[in-house]
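See below for the structure under consideration.
Note that ligands are numbered from 1 as they come in the structure, with each ligand's atoms numbered from 1 the same way.
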Amino acid sequence: MSGFSPEWLALREAADRAARAPSVLESARHAFSGVPRCNVWDLGAGTGASLRAFAELLPQEQHWTLVDYDSANLAAAGPALERWADTSAQREEALELGKDGRRLTVRMQTADLSQLPAGTVPWDRDTPNLITASALLDLTSAAWIQAFAEACAASGTAVLATLSFDGWLGFSPEHEDDAAVREAFSIHQQGDKGFGPALGPNATAALAAGLESRGYRVMTAESPWRLGRRDGALLLALIEGIAEAVAETDRLPASSLAAWRDQRLATLESLIVGHEDLFGYRPA
Ligand SMILES: C[S@@+](CC[C@H](N)C(=O)[O-])C[C@H]1O[C@@H](n2cnc3c(N)ncnc32)[C@H](O)[C@@H]1O
């Protein structure tokens, strides 16, 4: 399982769905109630999990553009969306879906968001009413977030950005190297993920400030993963992923890190991974 592969995204989707903050989702639902149609761009779309999670909050007629630089993820999005929908048909470049009485048109766009100054993300069709992103913001940089906030404000576009890592890893039972692992992981999170030095745990606060200073009303809430042994494969993949990231920082002796990893794989009962969700909109 590597990087942001379709297999990894499938493994985390149920945990993501359980974690998103109801208060933030309800704010988005409320903002779009009474609106007949909406145009949504999902950034860092992966295999379309945000669409599957957010469609029920949004109007009867929805036009989605899924943006990702990984064409393998976007290629997997079509079949995943077809499995999720009640009805589906491919028409020219668009996938037309029916789900719970809603009609959705979905287009895929392969693009590297880091190479597009966010202020010039090419809204080549209608200007979006909403931009969504899940598990993306923490990869981006302070400069990118500010340009993104500026681009949203220029068109008054609402933003629903969920599952941005907030820096917290809570291990139970505790191990003497947990704090060192947490610190090293946080340093890794702030390395360059393609957008310049990543904001990591500070991403949600930066976007909230960027939007509020441009007249937006912003809601944020915690949306942690609360994982236990029942989450088997996800829990194991996370321990491996954390250990790999920490190894890249050289902050722990390799022997200590290996011992920590082995101990955690054998005995970890629960893991809390902190996230934050945000919904921002500009009141009429
Ligand atoms: C953690 S995954 C989340 C995927 C999806 N939003 C979800 O919740 O399942 C992050 C996604 O962002 C995409 N991504 C990362 N950097 C990107 C960039 N510079 N441009 C476009 N997509 C990017 C990855 O390919 C991956 O699909």
Side-chain angles (χ1 to χ4, degrees), residues 1-21 24-25 28 40-55 57 64-81 83-84 106-122 130-145 147-148 151 159-166 185 188-201 203-204 207 223-225 234 237-238 241-242 244-245 273-279:
M1 191 130 343
S2 66
F4 303 122
S5 66
E7 293 76 18
W8 163 247
L9 298 180
L11 193 54
R12 61 175 292 168
E13 185 165 348
D16 285 348
R17 188 177 271 278
R20 286 190 183 88
V24 169
L25 300 183
V40 189
W41 282 57
D42 184 43
L43 306 187
T47 63
S50 299
L51 183 158
R52 291 187 285 281
F54 301 147
L57 308 172
W64 286 80
T65 303
L66 307 188
V67 185
D68 206 293
Y69 67 178
D70 186 331
S71 50
N73 282 350
L74 291 180
L81 290 167
R83 285 192 296 277
W84 165 83
V106 186
R107 292 184 171 79
M108 317 286 175
Q109 180 158 326
T110 306
D112 183 348
L113 292 163
S114 72
Q115 297 305 309
L116 304 169
T120 64
V121 170
L130 174 67
I131 296 177
T132 59
S134 290
L136 177 79
L137 280 194
D138 46 40
L139 307 178
T140 67
S141 61
W144 194 91
I145 288 274
F148 175 59
V159 182
L160 178 57
T162 61
L163 300 165
S164 306
F165 181 58
D166 75 358
F185 188 70
H188 186 271
Q189 289 299 105
Q190 293 171 69
D192 190 339
K193 305 290 187 299
F195 292 83
L199 276 167
T204 301
L207 181 57
S223 55
W225 280 343
L234 178 58
L238 279 168
I242 291 166
E244 277 170 32
V273 180
H275 298 116
E276 282 179 291
D277 292 354
L278 172 153
F279 178 63

Checklist entry - Who are the side chain to side chain contact (heavy atoms under 4.5 Å, CB included) partners of D112, not counting sequence neighbours? => result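 Testing D112 for side chain to side chain contact (heavy atoms under 4.5 Å, CB included), a comparison that skips the adjacent residues, returns Y69, S114, Q115.
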Next on the checklist: Tell me every residue that passes side chain to side chain contact (heavy atoms under 4.5 Å, CB included) with A198, counting only those two or more places apart in sequence or in another chain.
Outcome noted: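 A198: side chain to side chain contact (heavy atoms under 4.5 Å, CB included) contacts with K193.
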Item to check | Point-to-point distance, once rounded to the nearest 0.5 Å, from CG of D68 to CG of L113 | outcome: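 Here the interatomic distance stands at 7.5 Å.
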Item to check | Gap separating the CG atom of D42 from the CZ atom of R52, nearest 0.5 angstrom | outcome: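 These two atoms lie 10.0 Å from each other.
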Next on the checklist: So, using ring pair (Phe, Tyr, Trp, His ring centres under 6.0 Å) as the criterion, who are the partners of F54 when residues are at least two apart?
Outcome noted: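 Result, ring pair (Phe, Tyr, Trp, His ring centres under 6.0 Å) vs F54: none returned.
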Checklist entry - Tell me, which residues have any heavy atom less than 4.0 Å from some atom of ligand 1? => result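 For ligand 1, the residues that come within the 4.0 Å heavy-atom cutoff are F4, L9, R12, G44, A45, G46, A49, D68, Y69, D70, N73, A111, D112, L113, S114, S134, A135, L136, L139, F195.
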Item to check | Under 3.5 Å: donor-acceptor pair, side chain of D277, backbone of S223 | outcome: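 Side chain of D277 to backbone of S223: no pair is present.
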